[in-house]
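See below for the structure under consideration.
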Amino acid sequence: MRPRVLLLAGLEPTGRAGLLADVAAVRARGGDAVAVPTAQTAQGTHTFAVVPAAPRMLTAQVTAAREWGVLHAVKWGVVPGPSQLATARAALKGTDAWWVVDPVVRSSRGQVLSRLSPRHYLALAGPRVVVTPNLDEAGWLLGRPAPGTVEEAQEAAEDLCRLGFGVVLVKGGHLPEGQGLADVLAFSGRMLVMRGRRLKRPPERRGTGCRLASALAAELGRGTGPEAAVRAAREHVTRYLRTGRD
Ligand SMILES: Cc1ncc(COP(=O)(O)O)c(N)n1
């Protein structure tokens, strides 16, 4: 079965991150991608700009996507502001697709991509909603300092489940040296620590969070359970970091 995945994300023209990276990951996982830009961005070495999508166009594109067939999963990447969030959400009313929410508000270089606040993300929580924060984002969502240990990452994952997310993946790629690298997955009362090795990467290999969430959406959309879906998505990102290809 080919999962049909709606990608709501910012367009970054090189495809290193954002919507084009999402499309590449979904296709590589054997899914059909429907790409709806929530914003246009420019992210050069000296140039940075974000222009939010017109809500009217967002509604039309999501509605048109639904007219062509069932959506099995929706991946939320950069959402520049509350009006894009509310519009996309309204246009998705009545779907029972998995949602994978990557609460990305800044680029890895620190540039601001979104004006959403934690409460906007917490309002998206639901039993078929996965949230995939990195450590900083997990702290930000919960209004406390970023977890600095695997135990704190587990506490954060538990707290995000308590706030209503069906599946929580706290990405520990930035745990301090000595803590090793570990992602924490919590769902249905279970807690898994998935360890890994830190990989050196060339600076242009960005968009790992985008790819992880999109590959995860494709797997969940296909009907894979959360644990196997997360493992497949992590393998996808590892391969991308090693080879630069999806
Ligand atoms: C449109 C868009 N979406 C996501 C990211 C995050 O990716 P990264 O963490 O690699 O900067 C980005 N920079 N731009």
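This is a predicted model, so every value here is computed, not measured. When a ligand or atom number is given, it counts from 1 through the structure's own listing order. Because only heavy atoms are used, hydrogens play no part in the values below, and waters and symmetry mates are left out as well, while side chains stay in.
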message = Between Arg211 and Asp246, does any side-chain N to carboxylate O distance fall below 4.0 Å?
response = yes

Can you give me a line-by-line list of nitrogen or oxygen pairs between ligand 1 and the protein shorter than 3.5 Å?
from: ligand 1; atom 1: 9 (O); to: Ser108; atom 2: N; distance (Å): 3.4
from: ligand 1; atom 1: 10 (O); to: Gly207; atom 2: N; distance (Å): 2.8
from: ligand 1; atom 1: 11 (O); to: Ser108; atom 2: N; distance (Å): 2.8
from: ligand 1; atom 1: 11 (O); to: Ser108; atom 2: OG; distance (Å): 3.0
from: ligand 1; atom 1: 11 (O); to: Arg206; atom 2: NH1; distance (Å): 3.2
from: ligand 1; atom 1: 13 (N); to: Gln43; atom 2: OE1; distance (Å): 2.9
from: ligand 1; atom 1: 14 (N); to: Gln43; atom 2: NE2; distance (Å): 2.9

Here the pair of heavy atoms bringing Leu116 nearest to Gly81 is CD2-C, 3.4 Å

Using a 6.0 Å cut-off, check whether atom CZ of Arg115 has over 12 heavy atoms from anything other than its own residue.
no

query = Is the closest basic N to carboxylate O distance between Arg162 and Glu158 below 4.0 Å?
reply = yes

Residue set satisfying side chain to side chain contact (heavy atoms under 4.5 Å, CB included) with Val129, at least two apart, ordered chain then number -> Trp99, Val101, Phe165

From the list Lys75, Arg29, Arg234, Arg231, salt bridge (charged side-chain N to carboxylate O under 4.0 Å, His left out) with Glu219 holds only for Arg29

